[in-house]
K.L.:
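Sharing a structure below in structure tokens format, with a few things to ask.
Remember, it's 1-based here, ligands and their atoms both numbered in the order they're listed.
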Amino acid sequence: MRTIRVAAAQMGPIQKADSRQAVVARMLALLDQAIGQGCDLIVYPELTLTTFFPRWYMTDQAEVDTWFERAMPNEATRPLFDKAVAHKIALSLGYAELTEDGHHFNTQILTDKAGTIVGKYRKVHLPGHAEYDPERAFQHLEKRYFEPGDLGFPVWRALGGIIGMAVCNDRRWPETYRVMGLQGVEMIVLGYNTPSVNSQKAEEAGDLRMFHNHLVVQAGAYQNSCWVVSVAKAGVEDGHPLIAGSAIVNPDGVIVAQAKTEGDELIVHDCDLDATRFGKETIFNFARHRRIEHYGLITERTGAIPPPE
Ligand code: CDV
């Protein structure tokens, strides 16, 4: 058995006025729990350090940049890295990244147990819009504040396995999982901030949104025979509710641990990476069964074009 004891560190709401230091204090409390339970890896959600700021329309780039991190670790997150290193636990954490040459990404990182960043992923599938949209009940301006990730979907040999990352909306796209599946991924860690309400369809039920949340990660895990650790930022942020439902999914697509609250909550599971083998060697043995001669449209075409009438 190659087991990673993983902790999914769901975060409750973070208000606009909350400081990075206050958030990191909450993250440290979850880290303490994970250390107490002997975890190898703790996974925090998308944009862990701040409120989900893309819901706010801003025109002043200097103001926008206050939501971004120019270095990782930095002064605010150093205590997290220091504690993780002292207790030999790996971290995965989402944050808004501002690069030295001025690029903006929605980023997730993975450290090893020595605190070295061994993996960086930048969100590819940015949902929402770039300009103020008066038709929506609230804004979702990721396309305004971030550039699409420029690193693809890499995987890393870490913690004795093959690990990949994704960020929120990426989890809804089968391509995300398959590109990593084609690199033999054994565990995908991801975080999300998913509004409980559809800004363009008020009547969409919260239950349906939770169903979709789980459907996509369960399908991705099963179809690629890997573990998926899916971690929410949840609860009501400045009047805007986010779904919870953080889950750890096994390679059969079954949820083996799920958060019960909408607050800061740790869920833990021993993930045996060897449990990915059976699916990878049988029904999802890609080398034996895939038919790439029929998949060309996937990379040739972006939008759907129905056949002529
Ligand atoms: N942060 C996100 O990427 N949220 C999207 C919402 C807008 C649908 C999600 O896929 O959950």
K.L.:
Fit a plane to each ring of W173 and H125, take the angle between them on a 0 to 90° scale, and name the class: parallel (under 30°), tilted (30 to 60°) or perpendicular (over 60°).
P.N.:
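Answer is parallel, since the angle falls under 30°.
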K.L.:
Please work out which of the three classes, parallel, tilted or perpendicular, describes the rings of F52 and H140, given edges at 30° and 60°.
P.N.:
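Rings of H140 and F52: tilted, 30 to 60°.
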K.L.:
Can you tell me if Q258 uses its side chain to pair, donor with acceptor, with the backbone of A247 under 3.5 Å?
P.N.:
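Checked: no pair found.
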K.L.:
Name all pairs fulfilling the ring pair (Phe, Tyr, Trp, His ring centres under 6.0 Å) condition that reach into residues 188-213, sequence neighbours left out, sorted by first residue then second.
P.N.:
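Ring pair (Phe, Tyr, Trp, His ring centres under 6.0 Å) check on residues 188-213 returns no pairs.
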K.L.:
At a 4.0 angstrom heavy-atom cut-off, what protein residues surround ligand 1?
P.N.:
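Heavy-atom contacts below 4.0 Å: E46, F52, K123, P127, H140, E142, C168, N169, R171, R172, N193, T194.
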K.L.:
Measuring from R20:CZ to N74:CG, what's the distance to the nearest 0.5 Å?
P.N.:
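R20 atom CZ to N74 atom CG measures 7.5 Å (nearest 0.5 Å).
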K.L.:
Which of parallel (below 30°), tilted (30 to 60°) and perpendicular (above 60°) describes F153 and Y121?
P.N.:
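Ring orientation of F153 relative to Y121: parallel.
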